[in-house]
Every structure is written in C-alpha cells, then in structure tokens.
There are 2 protein chains.
Amino acid sequence: MAKENKQKYHHGDLRTALINATIEMINQQGVSSITMRNLSEWVGVSRTAAYRHFDDKSALLTATAIEGFRQFSEALRVARLDESKDEITRFRMMGQAYINFAIENAAYYRLMFGDTVIQENEKLRATCDDAFRELLMIIELLQEVKAICCDDPKNQAIYIWSLMHGLSSLVIDNKLQADVELKELMVFIDHQIHKSLSD
Amino acid sequence: MAKENKQKYHHGDLRTALINATIEMINQQGVSSITMRNLSEWVGVSRTAAYRHFDDKSALLTATAIEGFRQFSEALRVARLDESKDEITRFRMMGQAYINFAIENAAYYRLMFGDTVIQENEKLRATCDDAFRELLMIIELLQEVKAICCDDPKNQAIYIWSLMHGLSSLVIDNKLQADVELKELMVFIDHQIHKSLSD
DNA sequence: CACTTAATGTTGACACGGTCTACTTAAAGA
DNA sequence: TCTTTAAGTAGACCGTGTCAACATTAAGTG
C-alpha cells in the first residue's frame with residue numbers, strides 16, 4: 001500500500017531519488033548536463049522541490065559525491081575481503097577495482113574528486129577517508145604477512161593512492177597518448193609497485 | 001605610438017588579453033567565477049567582443065589550458081636543462097617543479113587536466129604531449145647515464161606522471177588527511193621512485 | 001477525531017550568463 | 001578615395017539557479 005507509482009503530491013523519498021537521478025544523469029551525460037530543472041523533471045517533481053532537501057545545487061552534488069565514495073569504498077572492500085584469494089592477489093584486485101570504478105563511472109569519479117563539490121563538507125571528508133582507509137588496511141595486512149616492507153603504512157597508502165588516482169584521472173580525462181595499451185601499462189605499474197614496496 | 005592605454009575602439013590584441021585575464025581570474029577565484037561578461041569588463045571591452053576570437057566560452061577555456069601546458073612544459077624544461085646539476089638531481093627538481101606548479105596554480109592546473117576544456121582539440125593534445133615528453137626525456141637521459149633501469153621509458157614516464165598527477169590532484173583538491181606533511185611525504189615518494197626505477 | 005503545525009511540493013518572478021543577430025567603427029588593400 | 005573586411009558594440013532571447021509566497025498533506029496533540 002505504501003508505494004504507488006501514481007503521482008502523489010508527496011514523493012516519498014525525494015532526497016534519494018534526486019541523488020540517484022544525479023548519478024544516472026552524470027554518468028550518461030556528464031556533470032554539465034545536470035540542471036536542477038532537468039533533474040526535477042526526470043524525477044517527476046517541480047523545479048524547486050529539490051530545495052526542500054538541499055540548500056542549493058552544490059549541496060546536492062556534494063551529497064551525490066558522498067554516495068559515490070560509499071559505493072567506491074564498497075567496491076574496494078569487496079576486493080579486500082575476498083577470502084578465496086591470498087593477500088597480494090587481493091591487493092592487485094583492489095587496484096583493478098579502483099581503475100574499473102573510475103573508468104565505468106568517469107564523470108561520477110570526477111565529481112567525487114573534483115572541486116565542484118563543497119570541499120569543507122564533513123561527511124564528504126569522512127567517506128573519502130573511509131575509501132583511503134581501505135587502501136591503508138590492505139597495506140597493513142600486507143605488512144603483517146611480510147609481503148611488503150615495513151615503512152610507514154600511511155605513506156605507502158598515499159603513494160598507492162596517488163598512483164591509482166593519477167592513472168585513473170589521466171585515462172578518463174584522455175591525457176595519455178592514443179597508442180597506450182592500458183592492460184600492458186597496468187602490468188608494468190603493478191611491477192613497479194611491487195619493486196617499490198618490497199624490502 | 002603603437003600602444004596607447006587610452007581606450008581605442010580596437011583593442012590591439014584582445015585574444016591574448018582575454019587569455020591572460022582568464023588565467024589571472026581563474027587563479028584568484030576559480031573556474032566558476034569566470035563569465036564572458038566579467039572577463040570582458042575586466043579587459044575593458046563589450047560583453048560579446050570575445051566571440052570575434054573564440055567560438056564560445058569553452059574554446060576560450062581550451063585556449064587558456066593550452067597556454068597552461070606551455071607554461072607547465074617550460075617550468076619542467078627549466079629544471080630538466082639545469083646543467084649545474086647532475087641528472088638525478090634534475091629529475092628530482094622536475095618533480096618539485098611539477099608539484100609547485102600545481103599548487104601555485106591550482107585552478108589553472110585543474111582546468112588543464114579537467115574536462116571543462118574541449119578534449120578533442122589538437123593543439124591541446126599537442127601541448128599536453130609536449131609536457132609529457134619532458135618527463136620522457138629526463139627518463140631517457142637517466143637511462144643513458146645508467147641511473148635507472150632499462151625498462152620501456154614510455155611506461156616509466158607514464159608511471160611517474162601518474163604519480164605526480166595523482167599526488168598533485170589529491171593535494172590541491174584537499175583529499176589528503178589534514179595531518180599529512182607534504183614535505184616528508186615527498187621524501188618518501190622520492191624514495192619509492194628510486195626503488196622502483198633502479199635495477 | 002478535529003485542529004494545529006511542520007514538512008514537502010508548486011508556481012511566479014528575478015537576475016545572471018551564454019550567445020545569436022544586426023549594426024558600427026576603423027584598419028587594410030586596391 | 002573607395003571598398004572590403006576584421007574587430008567591437010548593443011539588443012534580445014533563452015536557459016538556469018534560486019527566492020518568496022502559496023498549496024497540500026503528513027504528523028502530532030488535545
């Protein structure tokens with residue numbers, strides 16, 4: 001009874017609907033395509049309805065970015081916790097998961113890491129830190145099992161993060177030369193990582 | 001005689017003036033502050049004058065990004081060609097120059113690497129490749145003098161670029177935790193690079 | 001259950017910004 | 001000097017973010 005697809009005056013959960021619509025739209029047409037008006041129409045609500053849930057457009061985008069970091073962390077976590085694999089393999093899979101997320105959700109990823117959003121937002125900060133912590137945890141695990149050397153794990157995690165973020169960004173923003181083979185490149189980088197993190 | 005600061009009907013070199021104004025404005029207030037109208041006023045010209053030199057706003061931004069890559073390449077080149085230093089030191093200085101440029105020109109850097117600009121633009125592609133080639137050349141030099149191992153230099157250059165770009169982006173977009181000491185971090189990363197590129 | 005209140009949505013209005021069109025000015029060439 | 005064309009201007013239009021005032025309904029209270 002609760003849910004009817006007939007248009008009721010009250011939407012039910014407009015907030016999440018708007019965020020989901022933003023995600024979908026952003027991945028299909030990029031951030032610049034997102035308009036409060038488009039979005040509202042998509043969700044089937046009047047143009048200013050969103051303002052009951054978000055201070056302004058950038059607050060909506062920020063909320064969307066937060067949701068992005070949640071999904072992102074989740075993707076990393078899944079790889080990290082795959083008990084059927086050994087630690088090194090899981091680490092490698094996390095790297096793959098990272099790049100995959102960025103490529104499959106290019107505009108979404110850009111939004112998350114870009115400056116369109118409200119940088120000072122606490123939740124954004126927190127969910128972003130969560131994602132970072134996924135990297136940190138696998139690093140710590142690798143240290144525990146003596147798979148990598150015992151430098152400061154935080155530094156190691158930032159190093160890996162920079163590498164992954166840089167590579168992902170260059171790829172999705174089309175900065176690498178056309179003849180670069182991503183797969184081959186990944187193998188190379190994987191190799192560099194293991195050299196640099198080993199004793 | 002040629003130059004008079006009195007306002008003449010014809011500006012003289014509006015194109016460059018607009019690009020310079022964009023650079024200044026972007027570094028002071030960010031991309032979002034840039035409007036054709038602001039810009040025109042800043043340069044002392046009517047709101048649509050820019051359209052005699054650029055197809056539209058994104059063409060202007062693209063031209064600005066191209067100029068950005070020129071300056072960026074130049075900054076890298078200066079470090080690369082500093083003959084008073086040995087090769088490894090020059091390599092290290094290029095890394096420092098990279099990060100410095102990004103930090104001192106955060107919004108400008110974002111514009112260059114972001115998707116606001118017209119990605120398909122040939123000149124942009126070319127000047128971006130020039131910057132990449134700076135990295136490639138120092139890598140090749142390092143190989144010549146046997147300072148690093150002889151893997152595919154292009155892969156090595158992309159690896160370094162990813163690392164630098166990722167780190168710069170994380171820093172300027174404020175994604176690293178507040179307690180991270182950039183200087184100390186740079187030392188660590190420098191160390192990782194040398195480990196990974198050595199034989 | 002009737003009544004009040006707060007939450008949620010709607011419409012109208014406004015200002016800002018990108019950009020098209022038609023017009024003006026002046027530089028350059030014939 | 002006359003013509004052509006590059007460079008600049010003003011007006012107008014439409015899309016967009018967002019405020020204010022109003023409408024509807026859910027929720028809470030006696």
Side-chain angles (χ1 to χ4, degrees), chain A residues 1-22 25-26 28-65 107 111 114-118 121, chain B residues 1-22 25-26 28-65 107 111 114-118 121:
Chain A
M1 313 290 158
K3 285 188 180 179
E4 287 290 320
N5 57 0
K6 313 282 178 179
Q7 50 237 52
K8 303 175 293 189
Y9 192 91
H10 284 98
H11 178 282
D13 193 1
L14 185 52
R15 199 193 133 89
T16 14
L18 283 168
I19 292 180
N20 289 334
T22 305
M25 215 166 219
I26 214 177
Q28 281 178 12
Q29 337 233 15
V31 217
S32 62
S33 75
I34 291 183
T35 294
M36 296 305 266
R37 285 159 132 106
N38 276 349
L39 226 46
S40 311
E41 195 177 3
W42 179 271
V43 174
V45 98
S46 86
R47 39 189 169 43
T48 55
Y51 289 89
R52 295 294 149 190
H53 301 273
F54 302 98
D55 280 355
D56 52 27
K57 188 182 180 184
S58 92
L60 166 56
L61 292 179
T62 305
T64 307
L111 175 72
D115 71 329
T116 328
V117 298
I118 305 165
N121 184 292
Chain B
M1 309 289 161
K3 284 189 179 180
E4 286 291 320
N5 56 1
K6 314 280 176 180
Q7 52 238 47
K8 303 175 292 189
Y9 192 89
H10 286 97
H11 178 282
D13 193 1
L14 185 53
R15 200 193 133 88
T16 3
L18 283 168
I19 292 181
N20 290 334
T22 304
M25 216 167 219
I26 213 178
Q28 280 178 12
Q29 336 234 14
V31 218
S32 62
S33 75
I34 292 184
T35 68
M36 297 304 266
R37 285 157 134 108
N38 275 349
L39 225 46
S40 311
E41 195 177 3
W42 178 272
V43 174
V45 98
S46 87
R47 35 185 175 31
T48 55
Y51 289 87
R52 295 293 148 189
H53 302 273
F54 302 99
D55 280 355
D56 52 25
K57 187 182 178 182
S58 91
L60 166 57
L61 291 179
T62 304
T64 307
L111 176 71
D115 71 330
T116 328
V117 297
I118 305 165
N121 184 290

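In what follows, chains carry the letters A, B, and so on, assigned in the order in which the sequence lines appear, proteins first and then strands, with residues in each chain numbered from 1. As a basis for the values below, the full set of heavy atoms in this structure was taken, side chains included, without hydrogen atoms, waters or symmetry mates.
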What is the distance, to the nearest angstrom, from the [atom1] atom on [X] to the [atom2] atom on [N]?
X       : N      : atom1 : atom2 : result
A:Phe54 : D:dC19 : CZ    : P     : 15 Å
A:Asp55 : D:dG17 : CG    : C1'   : 14 Å
B:Leu18 : D:dA7  : CG    : P     : 13 Å
A:Leu14 : C:dT10 : CG    : C1'   : 13 Å
A:Lys57 : D:dG17 : NZ    : P     : 4 Å
B:Asp13 : D:dA6  : CG    : C1'   : 14 Å
B:Arg15 : D:dA6  : CZ    : P     : 16 Å
B:Tyr51 : C:dA22 : OH    : P     : 17 Å

Any N/O pairs under 3.5 Å between the protein and nucleotides 11-14 of chain C? List them or say none.
from   : atom 1 : to      : atom 2 : distance (Å)
C:dT11 : O4     : A:Thr48 : OG1    : 2.7
C:dG12 : N7     : A:Arg47 : NH1    : 3.4
C:dG12 : N7     : A:Arg47 : NH2    : 2.9
C:dG12 : O6     : A:Arg47 : NH1    : 3.3

Would you name the heavy atoms of [X] and [Y] that are closest together and state the gap between them?
X        : Y       : result
B:Thr22  : B:Leu39 : OG1-CD2, 3.4 Å
A:Ala63  : A:Arg15 : CB-NH2, 4.0 Å
A:Leu111 : A:Leu61 : CD2-O, 3.8 Å

Problem set entry | Under-4.0 Å side-chain N/O to phosphate OP1/OP2 contact, B:His53 with D:dA6 |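 No, no such contact exists.
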Exercise. Do B:Ser58 side-chain atoms and B:Ile118 backbone N/O form a donor-acceptor pair below 3.5 Å?
Worked result: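 No, the answer is negative, given that no donor and acceptor are paired below the 3.5 Å cut-off.
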Problem set entry | Any donor-acceptor N/O pair, B:Thr35 side chain to B:Asn38 backbone, under 3.5 Å |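 Indeed, once roles are kept as given, a pair shorter than 3.5 Å links the two residues.
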Problem set entry | Closest to side chain of A:Thr35, choosing from C:dT19, D:dT16, C:dG9 |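 From the listed options, D:dT16 comes nearest.
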Exercise. If you look at every strand shown and take non-hydrogen atoms under 4.0 Å, does A:Ile34 touch a base, only sugar-phosphate, or nothing?
Worked result: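 Sugar-phosphate only.
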Exercise. Under 4.0 angstrom, heavy atoms only, what part of the nucleic acid is B:Asn38 near: base, sugar-phosphate, or nothing?
Worked result: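 If one applies the 4.0 Å heavy-atom cut-off, B:Asn38 turns out to touch nothing in the nucleic acid.
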Exercise. Taking atom OG of A:Ser46 and atom OH of A:Tyr51, what is their separation to the nearest 0.5 Å?
Worked result: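 Nearest 0.5 Å value for the OG-OH distance: 11.0 Å.
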Problem set entry | 5' priority, DNA chain D, between A:Arg52 and A:Met36 [closest heavy atom] |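 Per heavy-atom nearest nucleotide, the more 5' residue is A:Met36.
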Exercise. Considering the options A:Glu41, A:Met36, A:Arg37, which one meets the side chain to side chain contact (heavy atoms under 4.5 Å, CB included) requirement together with A:Arg47?
Worked result: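 Single side chain to side chain contact (heavy atoms under 4.5 Å, CB included) partner of A:Arg47 among A:Glu41, A:Met36, A:Arg37: A:Arg37.
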